[in-house]
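Okay, structure first, notes after.
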Amino acid sequence: FFFFAVVQRVSELSSHTSAVTFMQYVTMLPVAALDLVFFFWIFRSLGDVIGQLEAREQGVKLNLYRKFRVILVSTMLIATIWSFVYSWVVVSGQIASDWESKWIFDGFFDVLHMCVLVAIMVLWRPTTNSAAFEYQKVVS
């Protein structure tokens with residue numbers, strides 16, 4: 001993943017035009033496919049954890065993980081909508097004529113990732129109830 005992502009980013013930065021080059025197309029597919037695999041992997045694992053917490057009746061942790069799932073689903077929806085907007089802008093040719101705002105498209109996902117990181121920091125911040133999140137074995 002990292003290799004393809006680096007190659008894709010270098011090909012984007014080395015291109016002096018706003019048109020998408022062949023190398024960007026070649027690297028775009030593996031990066032997008034691996035992103036999709038990672039998303040499904042994360043959501044499947046998160047679903048398993050939520051299922052285990054429901055079975056163990058650990059309501060405090062369950063609430064925390066449900067909030068985390070809402071954050072991830074919201075992020076995925078925002079990223080999908082933004083990708084469609086970006087695709088429309090590229091296809092319509094507006095990105096070539098409006099170079100002053102191109103930085104918004106380049107930096108959007110960095111800002112989105114930072115927002116997810118801040119949300120995770122807020123969710124798992126140390127509180128007086130942090131002891132409720134520690135690992136507990138269920139006695140059978």
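Note that these values count all heavy atoms, side chains included, but never hydrogens, waters or copies made by symmetry. What you see is a predicted model; the values in this text were computed from it and never measured.
Counting heavy atoms from C-beta outward, Leu117 and His113 have side chains that stay 4.5 Å or more apart. Residues Ile50 and Phe68 form no side-chain contact, since every pair of their non-hydrogen atoms from C-beta on lies 4.5 Å or further apart. Within the 4.5 Å cutoff, the side chain of Glu54 has heavy atoms near those of the Arg66 side chain. Residues Ser83 and Phe109 meet the side-chain proximity criterion, which asks for heavy atoms closer than 4.5 Å.
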Verdict with supporting geometry, Ile104 and Trp82, side chain to side chain contact (heavy atoms under 4.5 Å, CB included): CA-CA 11 Å; Ile104 295 171; Trp82 188 258; 3.9 Å; yes

Candidate pair Val122 and Arg125, rule side chain to side chain contact (heavy atoms under 4.5 Å, CB included), full reasoning: CA-CA 5 Å; Val122 168; Arg125 71 188 181 278; 3.5 Å; yes

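Connection of Ile120 to Met76 is established within a shared hydrophobic cluster, with ILVMFWY side chains joined at heavy-atom distances below 4.5 Å, either directly or through further cluster members. Cluster membership check: Phe43 does not share its hydrophobic cluster with Val37, using side-chain heavy-atom separations under 4.5 Å among Ile, Leu, Val, Met, Phe, Trp and Tyr. Each of Val70 and Ile78 belongs to its own hydrophobic cluster when Ile, Leu, Val, Met, Phe, Trp and Tyr are linked at side-chain heavy-atom distances under 4.5 angstrom.
With Thr75 as reference, Ile71 is the one residue of Leu77, Ile71, Val73 to meet the side-chain contact (heavy atoms from CB on, under 4.5 Å) rule.
Nearest heavy atom pair, residue Tyr65 against residue Leu53, reads CD1-CD1, 3.5 Å. For Leu64 against Leu123, the heavy-atom pair with the smallest separation is CD1-O, 3.4 Å.
One finds the CG atom of Leu36 at 4.5 Å from the CZ atom of Phe40 (value rounded to the nearest 0.5 Å).
Listed for the Arg44 side chain is no donor-acceptor partner under 3.5 Å among the backbone atoms of Trp41.
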